[in-house]
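Down below is the structure, laid out as C-alpha cells.
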Amino acid sequence: MPDLDIDEMENAESGGAAQTDFIYCYGAITEVLRCGPPYLHTGHKVLVLVIPGNPGVVGFYRTFIQTLYALFGCHHPVWAVSHAGHCTPPASMDMVEDADSTTDLDTFGLNGQIEHKLTFIRKHVPKETNLILVGHSIGCYIILEIMRRDPSLKILKAVMLFPTIERMAQTPQGKTMTPVLCHMRYIAYLSIFLLSLLPETFKRSLVKLVFAGIGSLDSSVVQPTVGLLSGDSAANAVYMAGQEMRKVLQRDNVTIKKNLEKLIFYYGATDHWCPVQYYNEIQEDFPTGDFRLCENGFRHAFVLDAGREVAKMIAGWIQPHLRI
C-alpha cells in the first residue's frame, strides 16, 4: 500500500471527518462514530468496525478511524461503536429505553456488552457485508465472543490490538485495580459522582493537567474524557471493568484455533494489562498464528498519542482484504 504524504493525509481526513450518531441498542444509549455513509446497503462489500476498550468511548478513536478511512482512499466505511452506556446521552434521549429490561439483560455488564455488539451488527450491517473487526483491549475479548456466538457472520479479518483476552486480574495492572473495581467499587462511584458536580471548565482543566505528561497528546481525546466525567457513563465503565476482572479468565483457545487464519494479534512490549509473557505463551500454543510484538513503544492506551501511527501500521495489514 503506498504511503500518503502529509498534505494528502490532511486533505483525505478533512474530506472524511467522522460523524457522530446516537441510537438505542440493546436497550441502552450508544454512540456510533462513522467515516463514510451513515447507513449501509447491500452494495457495501466491506465494513471496518472498531470495538473499543474500556472506557468504550468512541471519541477517543476519532483520529484512528479517520486515518484508516483516509488510507483506504475514503472508499470503505470505517465505524466505531461505543459500549452501551459509555457516552453522555443528548438532551433528547435518556441513558436507557426501559430501565427494567436493561437491568434484566445486565446491559452494562460484560456479557451484556457482547450481546450489545451482536445486536448492533445484526441490525445495522447487511448480511452480505463482510466485516473487518478491529478490537482494542477488552474489545478483543468481545470479538472472540462474537466469533464464538455467531459463526455465520462474514468476518474477513480481526485485528486484536493490546488484547486483554485472559487472566486480567493476574496482570500487573489487574492486581492493582481488582481490589478497587471489585471490592471498593462504591468508593469509585462516589468519586465519580463528586467529579460530575464540577463545572465543565474545571473538568477540562483537570483533564489537561492529568494528560500534561503526554508530550504528543492527541487534542481530540480531551473532550471525550471531559464527557466521561459526567457521572453515569464513567460508573457504567467501572461496573463493566469489575466484571472483566472476574470473568476474563482462561484464554478461549477453541475459538482462536477455529479462526486462527482470520486473527492478527498485536501485543505491547511494556503493557501491564497483557504482559509479554502472554504473547510468548500464545505464540508457543499457536505457532502458525500471526502474533506481533510492538517495536514502536506504543502504550496500551494508544489513542492518547499514537492513533494515527497505529492506524498507518494496521492499514497495511487490512488493505489486502479490501480487494474482494
Side-chain angles (χ1 to χ4, degrees), residues 18-34 38-39 47 49-62 65 79-125 131 133-150 153 164-165 168 181-182 185 188-189 192-193 196 223-248 303:
Q19 302 298 315
T20 299
D21 189 21
F22 290 91
I23 61 172
Y24 285 117
C25 181
Y26 207 59
I29 193 71
T30 303
E31 184 177 1
V32 186
L33 198 61
R34 294 182 172 99
Y39 304 102
L47 169 67
L49 181 62
V50 177
I51 310 295
N54 186 5
V57 178
V58 291
F60 293 152
Y61 297 83
R62 182 176 294 274
I65 73 166
W79 294 0
V81 57
S82 79
H83 295 322
H86 287 210
C87 56
T88 303
S92 60
M93 302 176 76
D94 296 321
M95 181 63 75
V96 297
E97 281 186 296
D98 182 337
D100 290 337
S101 65
T102 305
T103 300
D104 293 341
L105 295 170
D106 194 21
T107 300
F108 303 133
L110 183 56
N111 181 70
Q113 297 289 1
I114 296 163
E115 290 298 324
H116 170 265
K117 305 309 174 295
L118 282 166
T119 300
F120 177 83
I121 291 170
R122 290 164 182 161
K123 288 184 66 174
H124 299 279
V125 181
L131 284 165
L133 301 178
V134 180
H136 175 216
S137 192
I138 195 61
C140 302
Y141 178 88
I142 291 173
I143 286 175
L144 288 179
E145 282 295 302
I146 287 171
M147 289 177 150
R148 183 180 71 84
R149 298 184 190 194
D150 192 350
L153 291 174
T164 54
I165 58 173
M168 283 189 67
L181 295 170
C182 296
R185 181 157 48 96
Y189 288 163
I192 292 167
F193 172 71
S196 73
Q223 185 53 46
T225 308
V226 173
L228 189 62
L229 300 180
S230 65
D232 288 344
S233 53
N236 290 336
V238 169
Y239 176 69
M240 177 183 173
Q243 291 199 358
E244 291 171 36
M245 298 304 111
R246 292 190 174 100
K247 295 185 177 184
V248 180
V303 292

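Bear in mind the structure is a predicted one, so any value in this text is a computation, not a measurement.
The structure places CG of L153 at 6.5 Å from CG of L131, a figure rounded to the nearest 0.5 Å. Rounding to the nearest 0.5 Å places OH of Y26 at 9.5 Å from CG of L118. In this structure, E244 CD and L181 CG are separated by 8.5 Å, a value rounded to the nearest 0.5 Å. In this structure, OH in Y61 is found 10.0 Å from CD1 in I51, a value given to the nearest 0.5 Å. With rounding to the nearest 0.5 Å, the separation of SG in C25 from CZ in R122 is 10.5 Å. A distance of 10.5 Å separates CG of D232 from CZ of F193, quoted to the nearest 0.5 Å.
A donor-acceptor pair under 3.5 Å is absent between the side-chain atoms of T20 and the main chain of A18, judged by distance alone. Side-chain atoms of E115 never come within 3.5 Å of backbone atoms of T107 as a donor-acceptor pair (strictly under, hydrogens ignored).
Here the side chains of M95 and F108 are in contact, with some heavy-atom distance below 4.5 Å. At least one side-chain heavy atom of V248 sits under 4.5 Å from a side-chain heavy atom of L110. You'll find the side chain of I65 reaches within 4.5 Å of the side chain of L33, heavy atoms only. Side-chain contact check for H86 versus N54: some heavy-atom pair is nearer than 4.5 Å. Side-chain contact between P90 and I29 is present, with at least one heavy-atom pair separated by less than 4.5 Å.
Across all their heavy atoms, A235 and Y189 have their closest contact at O-CE2, 3.5 Å. Listed here is the closest heavy atom pair of C87 and S233: N-CB, 3.6 Å. Between L228 and A234 the shortest heavy-atom distance is O-CB, 3.2 Å. Nearest heavy atom pair, residue A28 against residue A84, reads CB-CB, 3.8 Å. For S82 against P52, the heavy-atom pair with the smallest separation is CA-CG, 4.4 Å. Across all non-hydrogen atoms, the minimal contact from V57 to P224 is CG1-CB, 3.8 Å.
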task: Just do the side-chain contact (heavy atoms from CB on, under 4.5 Å) check on V238 and I192 with the steps written out, would you?
output: CA-CA 10 Å; V238 169; I192 292 167; 3.7 Å; yes

- request: Please lay out, stage by stage, how V32 and H124 fare under the test side-chain contact (heavy atoms from CB on, under 4.5 Å).
  value: CA-CA 11 Å; V32 186; H124 299 279; over 6 Å; no

task: Assess whether side-chain contact (heavy atoms from CB on, under 4.5 Å) is satisfied between I114 and Y141, documenting all intermediate values.
output: CA-CA 9 Å; I114 296 163; Y141 178 88; 4.0 Å; yes

message: Applying side-chain contact (heavy atoms from CB on, under 4.5 Å) to I138 and H83, what does each step give before you reach the verdict?
response: CA-CA 11 Å; I138 195 61; H83 295 322; 4.1 Å; yes

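Scanning for side-chain hydrogen bond (donor to acceptor under 3.5 Å, both in side chains) contacts around T102 gives an empty result, with sequence neighbours left out.
Salt bridge K117/E145: absent, no basic N to carboxylate O contact under 4.0 Å.
Residues in residues 19-33 take part in these salt bridge (charged side-chain N to carboxylate O under 4.0 Å, His left out) pairs, two or more places apart or across chains: D21-R34.
Defined by atom type and a distance below 3.5 Å, a donor-acceptor pair is missing between the side-chain atoms of Y24 and D98. D106 and Q243 form a side-chain donor-acceptor contact under 3.5 Å, judged by distance and modelled atom types alone.
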